[in-house]
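This is a predicted model, so every value here is computed, not measured. Below, read A as the first sequence line, B as the second, and so on, with proteins coming before strands; counting in each chain starts at 1.
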Amino acid sequence: MFCMKIATYNVNGVNGRLPVLIRWLQQSNPDIVCLQELKSPNEKFPLQAIEEAGYKAIWHGQKAWNGVAILAKKKYDLKEMGRGLPGDPLDIQSRYIEAMVNGILICCLYLPNGNPAPGPKFDYKLAWFKRLSSKARALLKKNIPVILIGDFNVIPTDLDCHKPESWVNDALFFPESKKAFKKLVDQGWTDALRTLYPDKKIFTFWDYFRNAFARDAGIRIDHFLLSPQIAGKLYKAGVDKEVRSWEKTSDHAPVWIQLKK
DNA sequence: ATGCCTTACTATGTAAGA
């Protein structure tokens, strides 16, 4: 059966992690990839290495922080549909880019962390979330296949972390964050991993410190939200957990879904 | 409760991440 594999990976520095990224691309062989936390200005995006690995790319970077990109195998047409989330012309952080690939609108996002909370960073997180929800509602009205993909920086429920009580003072697990995520999903989106694995502890991030990965003390914050026009095609999903154990690796692991044709 | 790691930057410390 032909399947399309779509992945998301918060690389935590696309240049610093380039060997890990390329190794994972070759091993996992996804058709489409959303990257977050490039931590690279546009002119330093490692296009050549990514092209040599078999992909074309669009990216929205900035110096030192943030940055998002969409990669697609060279056989696909990758058409950028926009960058930057509407709703705040003063927002200069590079956290959103979208592209049409093979009839699917791929929306790659890096939602603000929001710590320390409460505070101005948490206010920015909630404001950004509100803008994302408005955008998402407009996308649903198009009645086309859309996927919101990326690092949402939200632990949706207790099942999505190893130990809920250790996250209660964190912006990723604040009631406002969880409510905003639930409200977004309730617009009509399908949380791909949770839908396929309703009761399973699945993690996509493990702290560098406290020996978190060895203890499997992780959280699930990287998500795929599918519009109704594509949710029925969801076939498989998973986390490439072993990548988190590699040398010079990101604190996130790549996450992927497979869609039936 | 923290920032135990790790990144980028014009840097030998600071800010940020989650």
Side-chain angles (χ1 to χ4, degrees), chain A residues 8-24 34-46 49 59-69 91-96 108-129 132 150-178 180-181 201-223 239 241 243-255:
Chain A
T8 185
Y9 189 17
N10 179 321
V11 283
N12 190 3
V14 72
N15 289 302
R17 313 292 187 196
L18 192 57
V20 168
L21 173 63
I22 299 300
R23 182 182 166 192
W24 166 71
C34 292
L35 298 176
Q36 303 85 33
E37 272 208 272
L38 303 178
K39 294 186 171 179
S40 168
N42 280 330
E43 60 273 21
K44 287 190 181 166
F45 183 81
W59 61 95
H60 181 32
Q62 74 179 77
K63 191 178 170 183
W65 317 118
N66 309 314
V68 284
D91 184 3
I92 49 138
Q93 299 191 25
S94 298
R95 296 180 174 275
Y96 184 86
C108 174
L109 64 104
Y110 174 46
L111 208 135
N113 174 299
N115 280 302
K121 290 193 172 182
F122 191 59
D123 296 341
Y124 174 64
K125 176 178 194 150
L126 295 180
W128 205 94
F129 222 134
L132 177 64
D151 178 359
F152 286 69
N153 267 316
V154 177
I155 304 166
T157 70
D158 286 4
L159 188 57
D160 300 306
C161 54
H162 69 292
K163 196 175 163 193
E165 56 269 36
S166 53
W167 290 94
V168 289
N169 293 315
D170 195 288
L172 279 65
F173 202 52
F174 259 41
E176 294 96 322
S177 303
K178 290 188 276 192
F181 186 80
K201 289 243 175 197
I202 302 168
F203 303 141
T204 66
F205 169 93
W206 297 260
D207 258 328
Y208 284 123
F209 28 79
R210 303 186 201 95
N211 208 21
F213 185 62
R215 293 187 296 116
D216 199 25
I219 52 178
R220 188 175 76 98
I221 56 175
D222 300 277
H223 307 298
V239 180
K241 192 176 172 183
V243 176
R244 180 62 181 77
S245 71
W246 294 354
E247 286 290 313
K248 299 284 284 178
T249 198
S250 168
D251 37 12
H252 295 249
V255 189

| Considering residues at least two apart in sequence or located in another chain, which fulfil the salt bridge (charged side-chain N to carboxylate O under 4.0 Å, His left out) criterion with A:R220? | A:D160, A:D191
| field | Euclidean distance, atom CZ of residue A:F205 to atom C1' of B:dG17 [Å, nearest integer] | value | 8 Å
| request: List for me each residue that meets ring pair (Phe, Tyr, Trp, His ring centres under 6.0 Å) alongside A:F181, sequence neighbours excluded, and say none if there are none. | output: A:F152, A:H223
| query | Is the closest side-chain heavy-atom distance between A:L21 and A:L35 below 4.5 Å? | reply | yes
| said: Please enumerate all residues that pass ring pair (Phe, Tyr, Trp, His ring centres under 6.0 Å) together with A:F205, with sequence neighbours excluded. | reply: A:H252
| field | Length of the line joining A:L172:CG and B:dA16:C1', which is rounded to integer Å | value | 14 Å
| field | Non-neighbouring partners of A:D207 that pass salt bridge (charged side-chain N to carboxylate O under 4.0 Å, His left out), sequence neighbours left out | value | A:R210
| Would you say B:dC4 has OP1 or OP2 under 4.0 Å from some side-chain N or O of A:N211? | no
Could you list, one pair per line, each protein nitrogen or oxygen that sits under 3.5 Å from a nitrogen or oxygen of nucleotides 5-8 of chain B, together with the distance?
residue, atom, partner, partner atom, Å
B:dT7, OP1, A:R17, NH1, 3.2
B:dT7, OP1, A:K248, NZ, 2.8
B:dA8, OP1, A:G16, N, 3.3

| task | Grab the CG-C1' distance between A:N66 and B:dA16 for me, whole Å please. | result | 10 Å
| task | Under 4.0 Å between any heavy atoms, over every strand shown, what does A:I219 touch: base, sugar-phosphate, or nothing? Just pick one. | result | sugar-phosphate
| message | Suppose we screen for salt bridge (charged side-chain N to carboxylate O under 4.0 Å, His left out). Which residues come up paired with A:D158, at least two apart in sequence or across chains? | response | none
| If the P atom of B:dT12 is compared with that of B:dT2, how far apart are they to the nearest Å? | 27 Å
